[in-house]
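A, B, ... follow the sequence lines: proteins, then strands. Residue 1 opens every chain. As the structure is a computational prediction, the values presented were derived from the model and not from experiment.
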Amino acid sequence: MDTKENITENKEEKAVTSNFIRSIIERDLASGKHKSIVTRFPPEPNGYLHIGHAKSICLNFGLANDYRGRCHLRFDDSNPVKEDVEYVNSIMEDVHWLGFDWGEHLYYASDYFDKLYEFAEYLIKAGKAFVCDLSWEELKEYRGTLTVPGKDSPYRNRSIEENLDLFRRMKAGEFPEGSRTLRAKIDMASPNLNMRDPVIYRIKKTHHHRTGNDWQIYPMYDYTHCVSDALEGITHSICTLEFEDHRPLYDWFLDQLPVPCHPQQIEFARLNLAYTIMSKRLLLELVNNHLVSGWDDPRMPTIAGMRRRGFTPEAIRDFSERIGVSKANSLVNDELLMFCVREDLNKRAERRMVVVNPLKLTITNYPEGKIEDFAAENNPEDPSAGKRKIKFSRHLYIEKDDFSENPVKGWFRLSLGKEVRLKYAYYITCNEVIKNEKGEIIELLCTYDEKSRGGWTEDGRKVKGTLHWVCAESAIPVELRLYDRLFTLADMSNMEEGKTYQDYLNPNSLIVKQNCLAEENLQEAKIGEHYQFLRIGYFNVDYNSKPGALIFNRIVDLKDSWAKLSKKI
RNA sequence: UGGGAUGUCGUCUAAUGGUAGGACAGCGGACUCUGGAUCCGUAUGUGAGGGUUCAACUCCUUCCAUCCCAGCCA
């Protein structure tokens, strides 16, 4: 796959920043503990992937690429109540789109249900697990609290024969949901709650998206995950910080069981991004409450949303690389993501001219009916992108913001008596402003200098301002969707007392601009294509576009140093 | 108040006993047919206190702050 090769190549060119996981891997490789590494990305198919998952995907697949190992995609599907094939499919699509390939190594935890069951009987026979009849409430009570040790279950000392019989009957579906569990026999007094005889199996008479109605009991995460890792020969099982407390249990199971190997669990800090949320639950709420248009709303931090917005996989991978990996909880500025997007698109996106807020401009000394073609660079960063023709006539539109009747200091756009350049066309000077009854500017009358054809003159005259424009005769109307941060609070984990995420929704996160005018060349724009609209920003053709009714999503705006400057004035 | 973890420029992240570095953001400048891009320059940091050492972000110690854990979720 093309992108895969690129990743490897890039790695060799770019100095990779070290991190503690790389150190562990390099040590293990150097010591001969492992000849090669195997990682895995283990999503539960209960929602769409987001930028936080992207970090994990890039980490796991990236490590496998860099150290010439492999990375498995494994669906952690041990809770059929929350899982669905819709999510399985979207996850595979997103991982591929990001540029990664698991090859033959697609797995499901549910593939191991038989093996997992055998191992559970093994634990029972070894006296390490028992069937417990405590109800949910009782179990909670027996567990104790953070500071108070738990109490042994009254069923803890059942005979192996009884446990085996009961467990087999649980499997056979003889008991109702919630009536019994299989528990590991560890230590109810452990300060680590995960070690207080954790549940291994629970009864759930739920249809599973892969195993159908084969099972009446389903294994819990802690038991399933470590065994799945071991069965797949995973060397480094990388997960997020909240599983740190689970590591003793991960190791305990693998120590008791006759598994082929004992992977090392390594925890890193999950990604937090400024001005957004990463909780699957809240993301689902945004969708269900119609606060966004769907999982792929371009404002969503989901991979699907970012894809629709126009972010590129390259930019997301670059971002993942730049944020690094550590164990410290952190909040990453969204500006870094935007930087990565701009940097990538600057090299690749073709330029076009689009006027967002059109203001009519007539060139009084340019003949009525005359139309000229000018050659415009498709991408000044990439000469191989070639040139295109754009039409010019007496009647044009420019950006309302590019004219000022009372120019402030430092203004070098258009104003009365001032000369500016129309990009690729002519120098023009504004002579007259036409207003309506309300005093609003509705048209500018200008003259052009015929000798400035193409946008420059031989006398070397300095023209500070260069404006984008469209030809009134040939421009096409388009819709622009201007996206901004979904929330107004940078650290959404730090909301004011009593407020919810809904109190921080940014009312301006989507501004729809109808009847913007685009140069005629955009007529042929295809869904998904990326463009830079000169002096405006990067845009992507939304899939809701229809022939003759194009819709563009703003991916990110251009750096605007005038906006910054003018604020200081 | 039990257990586990984490504190390095504004932000993210390197440096594992030997010059605290990079990136983004910021600031200043150059250049420019995008006030884009590019280039150059520049300020800002080891949570606090003790100790060990010729030398401490790094080792020891005390403290402080923050995060995670009481699902038959993952």
Closest nucleotide among [options] to the [X] side chain:
| X | options | result |
| --- | --- | --- |
| A:Asp560 | B:rG35, B:rG36, B:rC12 | B:rG35 |
| A:Phe339 | B:rC12, B:rC24, B:rA74 | B:rC24 |
| A:Asn19 | B:rA14, B:rC12, B:rG71 | B:rA14 |
| A:Arg202 | B:rG36, B:rU1, B:rA74 | B:rA74 |
| A:Asn79 | B:rU1, B:rG35, B:rA74 | B:rA74 |
| A:Glu244 | B:rC12, B:rA25, B:rA5 | B:rA5 |

Just to confirm, is there a sub-4.0 Å distance from OP1 or OP2 of [N] to any side-chain nitrogen or oxygen of [X]?
| X | N | answer |
| --- | --- | --- |
| A:Ser190 | B:rG3 | no |
| A:Ser326 | B:rU13 | yes |
| A:Lys564 | B:rC27 | yes |
| A:Lys327 | B:rC67 | no |
| A:Lys559 | B:rU34 | no |
| A:Arg143 | B:rC72 | yes |
| A:Arg413 | B:rG35 | no |

Between [N] ([atom2]) and [X] ([atom1]): distance, integer Å:
| X | N | atom1 | atom2 | result |
| --- | --- | --- | --- | --- |
| A:Asn329 | B:rC67 | CG | P | 9 Å |
| A:Glu267 | B:rG3 | CD | C1' | 15 Å |
| A:Glu381 | B:rA37 | CD | P | 9 Å |
| A:Lys567 | B:rC27 | NZ | P | 10 Å |

### Task
Report the residue (A:Arg351 or A:Leu134) whose heavy-atom-nearest nucleotide on RNA chain B is the more 5′ of the two.
A:Arg351
### Anti versus syn assignment for B:rG29, with syn defined as within 90° of 0
anti
What nucleic acid atoms does [X] come within less than 4.0 Å of, heavy atoms only: base, sugar-phosphate, or nothing?
| X | value |
| --- | --- |
| A:Gln532 | base |
| A:Phe243 | base |
| A:Ser493 | nothing |
| A:Leu534 | base |
| A:Ser135 | base |
| A:Gly410 | base |
| A:Leu467 | nothing |

When the [atom1] atoms of [M] and [N] are compared, how many Å lie between them, rounded to an integer?
| N | M | atom1 | answer |
| --- | --- | --- | --- |
| B:rU6 | B:rA15 | P | 15 Å |
| B:rU46 | B:rC67 | P | 23 Å |
| B:rU32 | B:rG45 | P | 37 Å |
| B:rG21 | B:rU58 | C1' | 16 Å |
| B:rC9 | B:rG35 | P | 37 Å |
| B:rA56 | B:rG51 | P | 12 Å |
| B:rC54 | B:rG17 | C1' | 12 Å |
| B:rU8 | B:rC59 | P | 15 Å |

### Check against ring-ring contact (aromatic ring centres under 6.0 Å, His included), A:Phe119 and A:Tyr112
CA-CA 10 Å; A:Phe119 279 144; A:Tyr112 312 129; over 10 Å; no
### Test of ring centre spacing under 6.0 Å for A:Phe374 and A:Tyr424
no
### Task
Indicate, with yes or no, if the rings of A:His225 and A:Phe243 have centres closer together than 6.0 Å.
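Not close enough - the centres of the two rings lie 6.0 Å or further apart.
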### Query
Are A:Trp562 and B:rG35 stacked, counting the six-membered base ring, centres under 5.5 Å, planes under 30°?
yes
#### Entry: Heavy-atom pair of closest approach, residues A:Asp402 and A:His468
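Residues A:Asp402 and A:His468, closest heavy atoms: OD2-CE1, 3.9 Å.
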### Message
I'd like to know if the side chain of A:Asn540 and the backbone of A:Phe552 have a donor-acceptor N/O pair within less than 3.5 Å.
### Response
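No.
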### Query
If only atom types and distance count, is the side chain of A:Tyr87 paired as donor or acceptor with the main-chain N or O of A:Lys82 below 3.5 Å?
no
### Query
What distance do A:Glu519 atom CD and A:Phe533 atom CZ have between them, rounded to the nearest 0.5 Å?
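Here the rounded value is 9.0 Å.
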